[in-house]
Protein chains: 2
Amino acid sequence: MKNKYLVIYQELVEQIEDGEYKVDELLPSENELKETFDTSRETIRKALNLLSQNGYIQKVRGKGSVVITRNKFDFPVSGLVSFKELSEKLDQNAETVVHDLTLTNPSRHLQHQLQVTKDQEIWRVVRARHLAGESVILDKDFLIKEHVPHLTEDICKDSIYTYLEGELGLKISFAKKEITVEEPTLEDKELLDFEGFHNIVVIKNYVYLDDATLFQYTESRHRPDRFRFVDFARRHQS
Amino acid sequence: MKNKYLVIYQELVEQIEDGEYKVDELLPSENELKETFDTSRETIRKALNLLSQNGYIQKVRGKGSVVITRNKFDFPVSGLVSFKELSEKLDQNAETVVHDLTLTNPSRHLQHQLQVTKDQEIWRVVRARHLAGESVILDKDFLIKEHVPHLTEDICKDSIYTYLEGELGLKISFAKKEITVEEPTLEDKELLDFEGFHNIVVIKNYVYLDDATLFQYTESRHRPDRFRFVDFARRHQS
DNA sequence: AAGTGGTCTAGACCACCCG
DNA sequence: GGGTGGTCTAGACCACTTT
């Protein structure tokens, strides 16, 4: 509990989710909130901007902050979410099978994607994700060894992210994501239950650390029926 | 040219894109920028936060603002982009065929999606988008007549967004987007050049106005080879 | 006219990084 | 220790909506 504006943000999120402020209602004005939280208006505005960015409110000039609908199906695939968090949200029987966990030198393609030289060692992790008894997602992770000296099958079966952020204290700050639909490869057909599906959804992720260094490249290959992406785009200035 | 922080933002974007600041280099510090732009630090910070949100820089505590790579293929499909802007970016021969432009009463499904009653009239617009001579995208737009009294084929052939924002002065503020992969419908097969493709990428858009009212529901149906989505996700606080 | 959010200012203290 | 970005403050003026 440090940052005032974060505390205020969390407090307001809770109140909205508890239904204390309903959809289409107005939040108290910034001046009122300033008083109730005993702070300055700019700090209140920081908290409100967070609410706005995360899809809780829409600010309207001259009126106030309107509470808006978060879609029912609004689970946050948008942004950075690991399979572990995701399967917990979806509340399904989830299992992970590790097919490969090796140290290699990067191919030319990977050298380019990860911006490394051919002499830097790279972890290659291939995992199949099972939901409701079917193998539906193939995750291929490539991590720069320099940042991740150790990696075991147990870590990969659980969640690499949890390990990186928890044990290693690495701070992941942002990711660039590219989504395309492609023909399945032989590897896809081998490791996934494909049953007559003709395409595969490929999500390429470039993951950056807090200090702006690129350290991981991931391909997450989804059977099309098990793919859904939700995005929340706010219009900014030109 | 009004908002100081926007002017500063645009100035810095230009300098970065012109290569005055290169990838992995630091921008001048906030205090220096404060002086050069003759303003306060908070205003500089507002501009820098915009740069950060739009993927130009990564701020590192104790060091400065690092310029980061925008991928070469980084055309902004992320966020709200109309077909017109998109085809201009891609620099292809683009054409739009209007297949339907009618006023109807909403089906039960649409009543739900648009949150309207069955008595409110709705524009139904169906357009096929042609790129390089092939019909590859099917756009189905549903607009609430209350907000858009007039609509002509010419407007639809050009860009509905341009008309709404330009002529009508409507301000679009944000959209919720959902991407899935589905089986093509008969309509898809009729109106698109499908040639052996087995899936279709469906992008459902819920578009909101400045005052937080929902006014449009759109389905954009892409042939899989013509679909690509780029996202830039920043990790925020818990 | 009163109230709302949007912008801008000048100053302060802090946590962090680096030489 | 000096510089950096992160947070917070108290106050000001503006554009907009509502009564």
Side-chain angles (χ1 to χ4, degrees), chain A residues 1-10 12 21 24-53 56-68 169-171 173-174 209-213 234-238, chain B residues 1-10 12 21 24-53 56-68 169-171 173-174 209-213 234-238:
Chain A
M1 286 303 199
K2 269 203 183 159
N3 295 351
K4 220 175 213 179
Y5 76 94
L6 274 185
V7 175
I8 297 171
Y9 165 75
Q10 283 155 2
L12 290 173
Y21 303 111
D24 287 336
E25 283 183 9
L26 291 175
L27 249 46
S29 76
E30 297 180 350
N31 278 316
E32 289 178 75
L33 290 171
K34 179 183 89 183
E35 301 300 330
T36 50
F37 286 102
D38 188 32
T39 181
S40 72
R41 198 173 142 227
E42 284 292 352
T43 301
I44 292 295
R45 286 177 55 72
K46 244 181 184 169
L48 291 183
N49 283 338
L50 261 188
L51 285 169
S52 166
Q53 280 161 30
Y56 286 99
I57 62 169
Q58 167 74 354
K59 306 183 89 178
V60 184
R61 208 214 219 59
K63 287 172 74 177
S65 300
V66 187
V67 178
I68 58 181
L170 291 180
K171 288 198 185 136
S173 86
F174 65 101
L209 293 180
D210 223 20
D211 60 357
T213 57
R234 187 158 290 281
R235 184 72 138 180
H236 25 276
Q237 75 308 321
S238 74
Chain B
M1 286 304 198
K2 270 204 186 159
N3 295 351
K4 221 175 213 182
Y5 76 95
L6 274 185
V7 175
I8 297 172
Y9 165 75
Q10 284 155 3
L12 290 173
Y21 302 113
D24 287 337
E25 284 184 7
L26 290 175
L27 249 45
S29 77
E30 297 180 350
N31 278 316
E32 289 177 77
L33 290 171
K34 181 182 89 183
E35 301 300 330
T36 48
F37 287 103
D38 188 32
T39 181
S40 72
R41 198 173 142 226
E42 285 291 352
T43 300
I44 292 295
R45 286 178 55 72
K46 244 183 185 168
L48 291 183
N49 283 338
L50 261 188
L51 284 170
S52 166
Q53 280 161 29
Y56 287 98
I57 62 168
Q58 167 75 354
K59 304 181 92 178
V60 185
R61 208 209 216 74
K63 286 174 73 176
S65 301
V66 187
V67 178
I68 58 181
L170 291 180
K171 288 200 187 133
S173 85
F174 65 102
L209 293 179
D210 224 20
D211 60 357
T213 57
R234 187 160 291 282
R235 184 72 139 181
H236 26 276
Q237 76 307 322
S238 72

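Every chain is numbered from 1, with letters handed out A, B, ... down the list of sequences.
- Rounded to an integer number of Å, the gap from A:Glu32 CD to C:dG5 C1' is 13 Å.
- With rounding to the nearest 0.5 angstrom, the OG1 atom of B:Thr43 is 11.5 Å from the CD atom of B:Glu30.
- Note that CG of A:Leu12 is 6.5 Å distant from CG of A:Leu48, once rounded to the nearest 0.5 Å.
- What separates CD of B:Gln58 from C1' of C:dC17 is a distance of 15 Å, to the nearest Å.
- Rounding to the nearest 0.5 angstrom, the gap separating the CD atom in B:Gln53 from the CD atom in A:Gln53 is 5.5 Å.
- Taking five base pairs at each end of the helix from C:dA1-D:dT18 to C:dC18-D:dG1 and finding the rotation axis that steps the C1' atoms of four pairs onto the next four gives two axes whose angle is 0°, to the nearest 10°.
- By the 6.0 Å contact criterion, CG on A:Asp24 is open, its count of non-hydrogen atoms from other residues, nucleotides or ligands being 12 or less.
- Atom-to-atom, CG of A:Asn31 to P of C:dG3 comes out at 10 Å; the value is rounded to the nearest Å.
- DNA chain D is contacted by both A:Thr43 and B:Ser65; B:Ser65 maps to the nucleotide lying nearer its 5′ end (nearest heavy atom per residue).
- A salt bridge is defined here as a Lys NZ or Arg NE, NH1 or NH2 lying under 4.0 Å from an Asp or Glu carboxylate O, and A:Glu35 with A:Arg41 fails to meet this definition.
- Closest-nucleotide positions on DNA chain C for A:Gly62 and A:Arg45 were compared, and the one nearer the 5' end corresponds to A:Gly62.
- The distance from atom NZ of A:Lys59 to atom CZ of A:Arg45, rounded to the nearest 0.5 Å, is 4.0 Å.
- When DNA chain D is scanned 5' to 3' for any atom under 4.0 Å from a heavy atom of chain B, the first and last hits are D:dG3 to D:dC8.
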